[in-house]
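Take a look at the structure set out below.
Chain letters run A, B, ... following the sequence lines, proteins first and then strands; every chain starts at 1.
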There are 2 protein chains.
Amino acid sequence: MKLQQLRYIWEVNRHDLNISATALRLYTSQPGISKQIRLLEEELGVQIFSRSGKHLSKVTPVGEDILAVAGDILHKIETIKRIASDYKSPTQGSLSMSTTHTQARYTLPDVIKEFAPKYPKVALSVIAGTTMENIVKAANGDVDFVIITENFDISSNLVVMPCFSYHTAVLVSKDHPLTQLAQVSALDIGNYPLATHTFGFGFNSLNTTSLGKAFKWVGLEPKIALAAGNADVVKSYVRAGLGAVGVVADMAYDSTEDSDLVRLNVPEFGDAYPLSIGIRRDCYIPGYMYDFIEGFAPHLDRNTVAEVMSLPDPVAQEDYFANIDIPDY
Amino acid sequence: MKLQQLRYIWEVNRHDLNISATALRLYTSQPGISKQIRLLEEELGVQIFSRSGKHLSKVTPVGEDILAVAGDILHKIETIKRIASDYKSPTQGSLSMSTTHTQARYTLPDVIKEFAPKYPKVALSVIAGTTMENIVKAANGDVDFVIITENFDISSNLVVMPCFSYHTAVLVSKDHPLTQLAQVSALDIGNYPLATHTFGFGFNSLNTTSLGKAFKWVGLEPKIALAAGNADVVKSYVRAGLGAVGVVADMAYDSTEDSDLVRLNVPEFGDAYPLSIGIRRDCYIPGYMYDFIEGFAPHLDRNTVAEVMSLPDPVAQEDYFANIDIPDY
DNA sequence: CCCCATTACGTAGCACGTAACAATG
DNA sequence: CATTGTTACGTGCTACGTAATGGGG
């Protein structure tokens, strides 16, 4: 059994069982991959892929099991490289995260501004995507960690550490009728088109967020005017003067930059949302990564993170923060 | 990076950093191993072993980290082979366990008598050792699972499933003065030499077992006459007619075979001890292994074991059995 | 008829073994 | 001086690339 053989079956599986496409991506030849896969299957005495004619049609049941373990192995191989690289040159390496647009746009730049000059040799990449995509990326090891809003109790291999809480900001234009009210309720908002970004799981998730619940609670079906993955679009829409009410995460509201907007206080929307960081359980954490995390969430210092990561028990990891105050943004 | 390189550093570490000895054991040449290790170190850019002169003197800090991951990888490689082998020929393979002498001698033979004819092609091996040794073997993956008395909440990578409870049997010879008493207490026993096997952690562990506590409770320092790892020796000692009181696990007392001994009822020694099976968390379980486990502990059927093993959370795994009645032996 | 996996075959690289060397206790 | 790790060197294996073959949709 060779590592490359494991790499090949893993990649072929990732590329829709298309050996040719895999070969292109790996800059190698089709016959090479084909042969190595057959050799592996021969050595193990089982078929990993079932062939129909000249196609790999699907993964056999054994293949599923084998692929799962192979994935672990390949990830651990990368881990070894990282360990060595981190020890050799602690200020060098790569750091990738996936997160929502809001964090990428509003909270992360400040952290990066501190981080980047300190670690000029660390290749930093921030990927903005939906919560679902982000979680999958982190779980697959495509990124080092994920910063994510909403509680996700997905039974995955991610260690979740809360960074801070944030609230929603309800925004209207300066001349909006709602600015005349002494106290705005969700009921009042229901009379206007609502512009919000999709909190995580896409459009329908509105029903499951506490924002959605707040609407339900006052017996309203919100008239969504705009649901974008992007707080800036929401704000533009509010600015457009169509009477829209915008709901964004409060970090997306800057009192000076957005001085043409008015932030309303709506008690029903007062819920705090936890913003958390999720790291693959068996991930190796280089020094600069600790530093980045601490820069983002000061209470997640190196010792804390290391301690939580070393807890063998997911529930203990979760409980660790149960009695710790999570700061507001 | 090659798998063999990982195997080499792993084995060299296991063989006290002696490359020559390792080469002998692996049926290969010293220079081969030496070179591959250097190649790996070169590729990673770090030293895994520190050299003093012509010796590998110790493992570097990075080396420790790397070795840990390498061990995982090698174990998973074996797992892949097992998966394939099990799928290819489900009735073939190997099954090894480590346990105490008492289980090996008294409870396991019945299970094996059922199992062996059913799976003639499974190489079965039972290793008797102290509890400590057994746990280490299972955690290292040297054996497939461990059957162990005493509660061990060692934070290891073992999934623990209770099989049944047993009690201690207090044995004396037929002509022993204690047989004249209507009711025997621990206090009475304190007057005689005590013969017992070491429950698990060696001689001193008597203080931590509930057996030891029972003595403490009645204010006695037991006069141990014999502490052996072997219930048969205890019984011989009791038979020797020196007035010794023997304490063994009740499965070691056979009312017909040991009809020359009298079992006393001593309330203070009435505690139930759980007997559990411990399986490495990331272990692959072939069909015949499920079968063996079920033969040993009928309530641990295939579905139950599979379900518990698939729980990602050690605490959940432990709690699984909290509300389930564990049968007596 | 295009796409894709497999077979055939040649080559370059590398893992491994033997032998010689060096250094340590 | 015995033990152990490293260097030197030759060889056999094999992974990989190119070219040709063969099924399917």
Query raised in the report: Hey, is A:Asp65 close enough to B:Arg82 for a salt bridge, meaning N to O under 4.0 Å?
Result: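 No.
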
**Report entry** Worked check of salt bridge (Lys or Arg N to Asp or Glu O under 4.0 Å) between A:Glu41 and A:Arg51
**Finding:** CA-CA 13 Å; A:Glu41 290 180 324; A:Arg51 278 87 166 163; 2.9 Å; yes

**Report entry** Ring geometry between A:Phe115 and A:Tyr288 (parallel below 30°, tilted from 30 to 60°, perpendicular above 60°)
**Finding:**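 Because their plane-to-plane angle is over 60°, the rings of A:Tyr288 and A:Phe115 count as perpendicular.
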
Looking at [X] and [Y], would you say the former's side chain and the latter's main chain have a donor-acceptor pair under 3.5 Å?
X        : Y        : value
B:Thr99  : B:Val146 : no
B:Ser85  : B:Lys81  : no
B:Asp301 : B:Asn303 : yes
B:Arg280 : B:Ala139 : yes

Integer-rounded Å distance: [N] [atom2] and [X] [atom1]:
X       : N     : atom1 : atom2 : answer
A:Ile33 : C:dA5 : CD1   : P     : 9 Å
A:Asp16 : C:dC3 : CG    : P     : 17 Å
A:Glu42 : C:dT6 : CD    : P     : 13 Å
A:His55 : C:dT6 : NE2   : C1'   : 13 Å
A:Leu24 : C:dC3 : CG    : P     : 12 Å

Report task. Would you mind classifying the nucleic acid contact of B:Ile37 as base, sugar-phosphate or nothing, using non-hydrogen atoms under 4.0 angstrom? Result ->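 Result for B:Ile37 = nothing.
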
Query raised in the report: How does protein contact run along nucleotides 7-20 of chain C, one letter per nucleotide 5' to 3', with B for base contact, S for sugar-phosphate only, - for none, heavy atoms under 4.0 Å?
Result: B-------SSBBB-

Query raised in the report: Minimum heavy-atom separation for B:Met97 to B:Ile147, with atom names?
Result: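 Looks like SD-CD1, 4.3 Å.
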
Requested in this report: Give me the first and last nucleotide of DNA chain D, going 5' to 3', that has any atom under 4.0 Å from a heavy atom of chain B.
Outcome: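 Going 5' to 3' along DNA chain D, contacts run D:dT4 to D:dT7.
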
